[in-house]
Amino acid sequence: MDIQWYPGHMVKTKKMIKQNLRLVDVVLELVDARAPLSTKLPDADSLVGSREIITVLNKADLADKKVTEMWINYFKNRGIPAVSVDTLRKTGFKRLFSLINSVKKRSLLGSRRCMIIGVPNVGKSSLMNQMAGRKSARTADVPGVTRSKMWLKVSDNLELLDTPGILWPKFEDKAVGIKLAMLGSIKEDLLDLQQLAFILIKFLSIYYPERLKSRYNLNTNIPPLQALEKIAASRGFFLEGGILDIERSAKTIITEFRQGKIGAISLERPEEKEGFWIDISNQDIV
Ligand SMILES: Nc1nc2c(ncn2[C@@H]2O[C@H](COP(=O)(O)OP(=O)(O)O)[C@@H](O)[C@H]2O)c(=O)[nH]1
Ligand SMILES: [Mg+2]
């Protein structure tokens with residue numbers, strides 16, 4: 001991650017979003033269903049102002065279904081319309097479109113207009129492409145109508161702004177940074193890969209012990225270093241001289257988590273006032 005990126009680009013993006021907000025009826029705020037709060041924009045509400053926001057929990061295929069349902073209720077209880085989707089398979093799209101269509105149009109004329117915002121890697125581009133479909137391309141073939149270049153036609157009554165608002169997450173909180181790194185939203189070399197794997201193993205042994213068992217044949221409460229050694233041994237990850245390559249084990253478990261190979265896993269649950277991540281925040285791991 002390039003920290004330098006933050007101030008200048010953030011100001012520019014916020015300006016772009018504010019300008020375009022005038023033109024839209026509804027904003028889709030994309031979050032990662034596996035960690036909806038850590039991937040949420042810190043100041044979406046103030047940025048979006050009076051426009052309607054729909055929270056879209058994307059990558060639902062990778063998240064724990066039961067936990068995702070808890071999140072949907074969590075947002076609903078706070079008066080925020082929310083829907084979970086799997087953008088790659090278009091799961092949840094019907095519900096998404098029905099939520100969009102329930103938002104009041106600001107102008108009587110024309111289509112309902114919508115823009116997508118979110119932190120990097122939550123699936124903004126994928127969602128745009130999937131919503132718009134191949135047919136839409138850009139509605140730019142009318143000479144002189146430059147404004148139309150900005151819009152992707154989704155249907156006869158829905159248009160999507162072709163530029164998503166990319167904003168940076170807030171990661172003053174150590175646990176938030178760790179979760180974002182696990183999800184691949186910030187480069188992991190910010191954190192030591194091995195430390196990240198240690199935390200993931202600890203997390204899994206508490207919340208998803210059966211997955212550790214079934215994927216890696218690891219028992220609960222195995223010390224993380226030993227877990228990495230076991231993975232290295234069983235997969236044949238060796239350095240010269242027969243030394244176990246635990247760095248490769250660390251990379252493997254993180255990658256497999258991101259790809260959903262360990263199973264559908266949620267890193268965050270609603271209303272978690274105490275527990276794993278708070279302990280992690282209070283430890284000096286990173
Ligand atoms: N499994 C899964 N992967 C997704 C989903 N949506 C997006 N992705 C993947 O997430 C990564 C980031 O997506 P992208 O659209 O580039 O995110 P952006 O940075 O927000 O524009 C890509 O590898 C996508 O294929 C989803 O619903 N499920
Ligand atoms: Mg993108």
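Note: hydrogens, waters and symmetry copies are ignored here, and every other heavy atom, side chains too, is used. Just follow the structure's listing: the first ligand is 1, and inside any ligand the first atom is 1.
Below 4.0 Å from some heavy atom of Thr87 lie the following atoms of ligand 1, by number and element: 6 (N), 26 (C), 27 (O). Residue contact check: Asp86 has heavy atoms under 4.0 Å from atoms 26 (C), 27 (O), 28 (N) of ligand 1.
Proximity of Ile166 to ligand 1, defined as any heavy-atom pair under 4.0 Å, is not found for any part of the residue.
Counting heavy-atom neighbours within 6.0 Å of Lys65 NZ, excluding the residue itself, gives a total of 12 or less. Atom CG of Asn77 has more than 12 neighbouring heavy atoms from other residues, nucleotides or ligands inside a 6.0 Å radius.
Nearest to atom 22 (C) of ligand 1 among the protein's heavy atoms is Ser126 OG, 4.6 Å. Distance from atom 19 (O) of ligand 1 to its nearest protein heavy atom, with residue and atom name: Asn121 N, 2.8 Å. When hydrogens are left out, the protein atom nearest atom 18 (P) of ligand 1 is Lys124 N, 3.4 Å; that is the closest non-hydrogen contact. Among protein heavy atoms, atom 8 (N) of ligand 1 sits closest to Lys59 CE, 3.8 Å.
A side-chain donor-acceptor contact under 3.5 Å links Asp64 and Tyr208.
Salt bridge status for Glu256 with Arg235: present, with a side-chain N to carboxylate O gap under 4.0 Å.
Counting only distance, with no hydrogens or angles, the side chain of Ser84 and the backbone of Thr68 share no donor-acceptor pair below 3.5 Å.
Ser125 lies close to the Mg ion (ligand 2), since one of its N, O or S atoms is found at a distance under 2.8 Å.
The shortest N or O to N or O distance between Pro120 and ligand 1 is not below 3.5 Å.
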